[in-house]
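Working notes for the structure below.
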Amino acid sequence: MQEDIARILLTEAEIKQRVSELGARISQDYAGKDLVAVCILKGALHFMADLTRAIEIPLAIDFMAISSYGAGTKTSGEVRIIQDLDAAIAERHILIVEDIVDTGLTLKYLVDNLGSRRPASLKIVTLLDKPARRAVTISPDYNGFEIPDEFVVGYGLDYDEKYRNLPFIGILKPEIYQK
Ligand code: 5GP
């Protein structure tokens with residue numbers, strides 16, 4: 001699996017350090033509030049597991065699964081909900097936990113969709129931000145790392161459902177997806 005990686009962009013230790021910083025900030029910002037962390041499956045699974053353990057205030061967790069790239073590396077902009085939240089979010093403080101913001105189309109859809117359910121507040125935390133390819137004006141409230149316009153895998157991020165279990169974030173060799 002590692003032989004398909006051109007370069008490690010973020011090591012396990014760098015991710016751990018940054019996730020704990022994000023957890024500390026979120027703990028401060030949401031102290032005393034009814035917080036629901038909403039994990040966007042599947043890519044944010046690992047980030048969600050580590051981030052929520054770095055948050056030191058009570059919170060609820062929920063999950064939403066949406067369609068992503070399939071086997072390609074470019075988003076279609078068409079977002080489909082595959083699995084919706086278990087619970088209602090009206091009057092609660094919602095934090096969307098996302099793996100990466102690229103064009104921003106997925107997040108825009110999620111913000112519009114969840115925003116229409118009348119939450120007390122709606123914010124976004126993303127592990128990675130690729131601002132070079134943004135197609136809509138949207139920016140995460142909390143961001144782990146700004147990264148260059150490369151296709152990355154690992155720590156939850158996949159190509160064709162593989163590489164999610166790499167403990168680091170790496171740049172996939174282009175010949176893997178150009179095959
Ligand atoms: P957007 O709608 O912002 O273009 O795309 C967001 C989604 O596309 C992310 O949640 C993620 O699933 C996928 N994505 C965007 N860039 C990458 C990348 O570099 N690597 C992987 N594996 N997925 C990506």
Side-chain angles (χ1 to χ4, degrees), residues 1-12 14-15 18-19 22 36-52 61-85 94-116 122-179:
M1 188 163 54
Q2 301 222 6
E3 63 277 9
D4 296 345
I5 304 301
R7 182 163 72 85
I8 295 180
L9 195 62
L10 299 165
T11 65
E12 207 175 340
E14 285 169 327
I15 297 169
R18 188 68 185 124
V19 169
L22 288 172
V36 185
V38 171
C39 174
I40 308 303
L41 295 170
K42 303 174 192 166
L45 176 67
H46 299 66
F47 179 41
M48 174 81 168
D50 289 341
L51 179 70
T52 50
I61 61 172
D62 210 336
F63 298 88
M64 201 160 171
I66 52 167
S67 63
S68 69
Y69 285 148
T73 61
K74 295 275 184 289
T75 191
S76 64
E78 208 181 281
V79 182
R80 208 159 44 91
I81 296 182
I82 294 165
Q83 181 194 314
D84 207 343
L85 300 175
I94 305 306
L95 182 63
I96 298 175
V97 182
E98 184 52 303
D99 52 359
I100 183 166
V101 194
D102 187 16
T103 64
L105 291 164
T106 307
L107 261 185
K108 169 87 174 56
Y109 174 87
L110 286 170
V111 165
D112 290 347
N113 184 293
L114 297 181
S116 72
L122 181 61
K123 285 191 176 179
I124 301 157
V125 55
T126 185
L127 180 67
L128 307 174
D129 188 4
K130 243 197 250 183
R133 289 183 9 98
R134 198 71 95 255
V136 288
T137 324
I138 197 156
S139 54
D141 300 279
Y142 307 92
N143 175 37
F145 304 91
E146 206 167 278
I147 63 162
D149 185 12
E150 305 270 10
F151 190 78
V152 294
V153 293
Y155 196 69
L157 288 139
D158 75 312
Y159 171 67
D160 203 9
E161 291 301 326
K162 291 193 283 284
Y163 309 105
R164 293 193 198 275
N165 55 325
L166 288 171
F168 55 79
I169 305 268
I171 297 173
L172 192 62
K173 286 184 180 165
E175 58 260 38
I176 305 293
Y177 52 85
Q178 281 162 3
K179 268 196 273 213

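Start at 1 and go down the list; that is how both ligands and their atoms are numbered. Please read all numbers here as calculations on a predicted model, not as lab measurements.
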Within 6.0 Å of CD in Q2, more than 12 heavy atoms from elsewhere: no
Close approach of R133 to ligand 1, heavy atoms, under 4.0 angstrom: no
Heteroatom distance test (T103, ligand 1): nitrogen or oxygen, under 3.5 angstrom: yes
Positive for side chain to side chain contact (heavy atoms under 4.5 Å, CB included) with I169, one of I100, I147, L127: L127
Check against salt bridge (charged side-chain N to carboxylate O under 4.0 Å, His left out), R134 and D129: CA-CA 10 Å; R134 198 71 95 255; D129 188 4; 2.7 Å; yes
N or O pair under 3.5 Å between L157 and ligand 1: no
Close approach of G43 to ligand 1, heavy atoms, under 4.0 angstrom: no
Side-chain H-bond candidate by donor/acceptor type, N165 with Y155, under 3.5 Å: no
Closest non-hydrogen atom pair between I124 and S139, with its separation: CD1-O, 4.5 Å
Atom indices of ligand 1, in the order listed, that fall short of 4.0 Å to a heavy atom of T106: 1 (P), 2 (O), 5 (O), 6 (C)
Proximal ligand 1 atoms for V152, defined as those under 4.0 Å from one of its heavy atoms: 18 (C), 19 (O), 20 (N), 21 (C), 22 (N)
Under 4.0 Å to a heavy atom of L105 - the qualifying atoms of ligand 1, by number: 2 (O), 3 (O)
Per-residue contact class, D99 against ligand 1 - non-hydrogen pairs under 4.0 Å: side chain
Those atoms of ligand 1 less than 4.0 Å from some heavy atom in D158: 21 (C), 22 (N)
Any F151 heavy atom less than 4.0 Å to ligand 1: yes
Shortest heavy-atom approach to atom 17 (C) of ligand 1 - which of E150, R134, K130: K130
Atoms in ligand 1 flagged as close to E98, the criterion being non-hydrogen separation under 4.0 Å: 10 (O)
Close N or O approach (V153, ligand 1; < 3.5 Å): no
Shortest non-hydrogen separation from I5 to I8 and the atoms involved: CG2-N, 4.4 Å
Options I66, I100, L9, ranked by nearest heavy atom to atom 9 (C) of ligand 1, top entry: I100
From I96, L85, V97, L41, residue fulfilling side chain to side chain contact (heavy atoms under 4.5 Å, CB included) relative to M64: L85
Taking every non-hydrogen atom, the tightest pair across L9 and E14: O-OE1, 4.0 Å
Heavy-atom closest pair, residues L172 and Y177: CD2-CD2, 3.7 Å
